[in-house]
Amino acid sequence: MSQDLEPRLAAYLARRMPQASHLVVDRLQRISGGASRETYRFCLTWTEAEERRTRRLILRRDPPASLIDTERRIEFEAYRAFHGSAVPVPEMLWLEEGTGPLDHPFFIAEEISGYEAAPAVLWSEAYLPVHAALAERKWTILGQIARADPVALGLDKVMYQPAPAECWSRELGHWEAILDKDATEPLPIARAAIRWLKANPPPPPPRISVVHGDYRTGNFLFAPDGQIHGILDWEMAHLGDSLEDLGWSLNPVWSSGRGLAGGLVPEQDAVAIWSRSSGQPVDPAALHWWTLFNCIKGQAIWISSARVWMDGGNREPIMVYPPWALQNAQDRAILKVMGHL
Amino acid sequence: MKPVVPDVLGELAALILRNAHPDVSPSDRASALGLTAALLGLAAESWDGRVQHLVQENRAVWALLSEGSSLLGTAGPGHPANETDLRISGLELENARLRQALIDLQARLEITGGADARALNAQIWAELTQSTQRRLTASSPV
């Protein structure tokens with residue numbers, strides 16, 4: 001339970017902040033959602049240079065078994081690389097890869113507070129008038145991620161740098177292997193899509209980019225004025241083809257039934273914003289490939305979640321929600337992208 | 001639906017019991033109960049139609065496999081589904097057997113070519129589309 005964490009977290013922070021005294025952790029609260037990391041917000045208060053200070057922070061801890069197996073160092077470094085840039089991200093503070101302090105690896109970051117993340121809020125009356133503005137910011141920021149130089153950011157030191165020609169096969173191979181390993185039942189629609197993807201590969205990208213890996217509605221912090229104040233959940237970040245991120249953002253499961261890219265604007269508008277911001281023209285056939293690929297990636301994630309639950313690794317209800325709520329929708333997204341629906 | 005509904009309902013029952021304890025923090029309780037409610041809603045939606053949909057689907061896929069075996073000269077799908085056992089678990093086992101065979105058939109049709117193969121492949125896509133319609137929930141985003 002959350003309460004048990006407060007004293008252990010305080011003890012850990014006391015070791016990491018030797019300059020601080022009278023350190024108190026309180027108001028620790030688990031944030032709903034998050035099937036691949038446990039996320040908590042908390043308040044840290046301490047005395048330093050004879051001054052009482054307070055900061056609101058986020059703890060992201062690995063669960064016992066996760067929906068997505070990722071290295072928390074990669075996520076930590078991805079956030080750190082973009083901090084202070086045009087891509088708004090919270091400041092990373094401490095990374096702990098050992099299991100001693102809190103049983104599982106974790107990192108601590110600043111909390112960007114006062115903004116919304118839940119898609120349900122985005123569809124409320126108050127936000128409908130700013131959907132176009134939000135879309136402009138959403139795909140502009142994604143274009144800025146695509147434009148960033150991963151070597152200049154130092155991310156080539158923590159992430160594998162694929163050759164342009166292997167971007168598609170590396171990603172497809174990765175997610176197909178997860179489907180092979182975790183499938184809980186035969187998946188005729190996904191298998192047919194994989195055969196098509198292998199038979200019709202996309203051209204290599206002009207350059208290797210940072211790929212956020214989970215850039216979608218629900219993973220950014222937004223405000224009523226249409227501004228975006230934080231891009232979150234970099235746990236699947238890697239280097240590859242920037243169209244991969246654009247394709248994930250266009251996965252029909254993020255439309256929330258509104259028939260719009262991310263539930264916000266028509267797909268061609270989102271693509272045009274991204275193209276302007278990234279400085280890259282978009283090959284429609286290549287984008288189609290990456291959008292369909294991302295339907296496979298999504299299906300692999302939802303099914304892995306079922307597998308983790310069924311194998312007893314994590315019995316939280318959040319592990320059941322993706323396969324129950326999204327597996328059939330993801331199949332329908334595949335059908336739609338392939339022109340069968 | 002995987003994980004299967006009875007296993008999930010059992011786990012949710014235990015979770016509700018744990019959350020009935022007064023010492024559970026409000027945020028943990030809110031998170032657990034919100035998701036529990038969503039899952040109960042999804043289970044309820046599937047309740048009435050599940051057997052009907054599995055029987056329909058198993059019959060439709062069996063017919064496609066039979067047609068495929070005639071076209072390709074391969075072994076057929078075996079006996080029609082045994083519908084004396086209408087438990088969901090039994091129907092799902094048969095469904096998995098048939099859908100795996102459908103994957104194999106469709107892959108063969110794609111490389112076989114010819115008008116008959118293309119026509120059967122189109123029928124398979126129509127059935128796959130119909131299968132997602134059977135599983136559709138009210139909150140489905142697609």
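Note that this is a predicted model, so its numbers are computed, not measured. Lettering of chains follows the sequences in order, A, B, ..., and the numbering in each one begins at 1.
By the neighbour-count criterion of 12 heavy atoms within 6.0 Å, atom OH of A:Tyr321 is sparsely surrounded, having that number or fewer from other residues, nucleotides or ligands. Around the CG atom of A:Asp311, the shell of radius 6.0 Å holds more than 12 heavy atoms that belong to other residues, nucleotides or ligands. By the 6.0 Å contact criterion, CZ on B:Arg134 is enclosed, its count of non-hydrogen atoms from other residues, nucleotides or ligands being greater than 12.
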* To do: Check the pair A:Trp309 / B:Glu11 against side chain to side chain contact (heavy atoms under 4.5 Å, CB included), numbers first and verdict last.
  => CA-CA 10 Å; A:Trp309 193 94; B:Glu11 195 72 26; 3.6 Å; yes

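Across all non-hydrogen atoms, the minimal contact from A:Pro186 to B:Ile103 is CB-CD1, 4.0 Å. Scanning all heavy atoms of the two residues, the minimum distance from B:Leu15 to A:Pro317 falls at CD2-CG, 3.5 Å. A:Leu326 and B:Pro141 make their closest contact through CD2-CG, 4.0 Å (heavy atoms, listed as atom of the first residue, atom of the second, distance).
Taking CZ of A:Arg30 as the reference point, atom OG of B:Ser25 lies at 10.0 Å (rounded to 0.5 Å). Here the OG atom belonging to B:Ser140 is positioned 10.5 Å from the CG atom belonging to A:Asp331, to the nearest 0.5 angstrom. To the nearest 0.5 Å, the span separating CG on B:Leu102 from CD1 on A:Ile189 amounts to 9.5 Å. In this structure, CG on B:Asp28 lies 8.5 Å from CG on A:Leu28, to the nearest 0.5 angstrom. Rounded to the nearest 0.5 angstrom, B:Gln100 CD and A:Arg191 CZ are separated by 8.0 Å.
A donor-acceptor contact under 3.5 angstrom links the side chains of B:Gln133 and A:Arg332, judged on distance only.
Looking at A:Arg195, only its side chain comes within 4.5 Å of chain B, counting heavy atoms on both sides. For A:Leu187, the part lying near chain B is the backbone, with the side chain staying farther off; criterion is any non-hydrogen pair under 4.5 Å. Contacts of B:Ala126 with chain A are absent, with no heavy-atom separation under 4.5 Å from either backbone or side chain. Within the 4.5 angstrom heavy-atom criterion, atoms from both the backbone and the side chain of B:Ala43 approach chain A. Interface remark: A:Ser256 contributes backbone atoms only to the contact with chain B (heavy atom separation under 4.5 Å).
Your options are B:Leu39, B:Thr129, B:Leu12, and the one with the most heavy-atom pairs under 4.5 Å with chain A is B:Leu39. Comparing B:Asp104, B:Thr137, B:Asn95, B:Leu136 by heavy-atom pairs within less than 4.5 Å of chain A, the highest count is held by B:Leu136.
In this structure the side chain of A:Trp324 never reaches within 4.5 angstrom of the side chain of B:Lys2, judged on heavy atoms.
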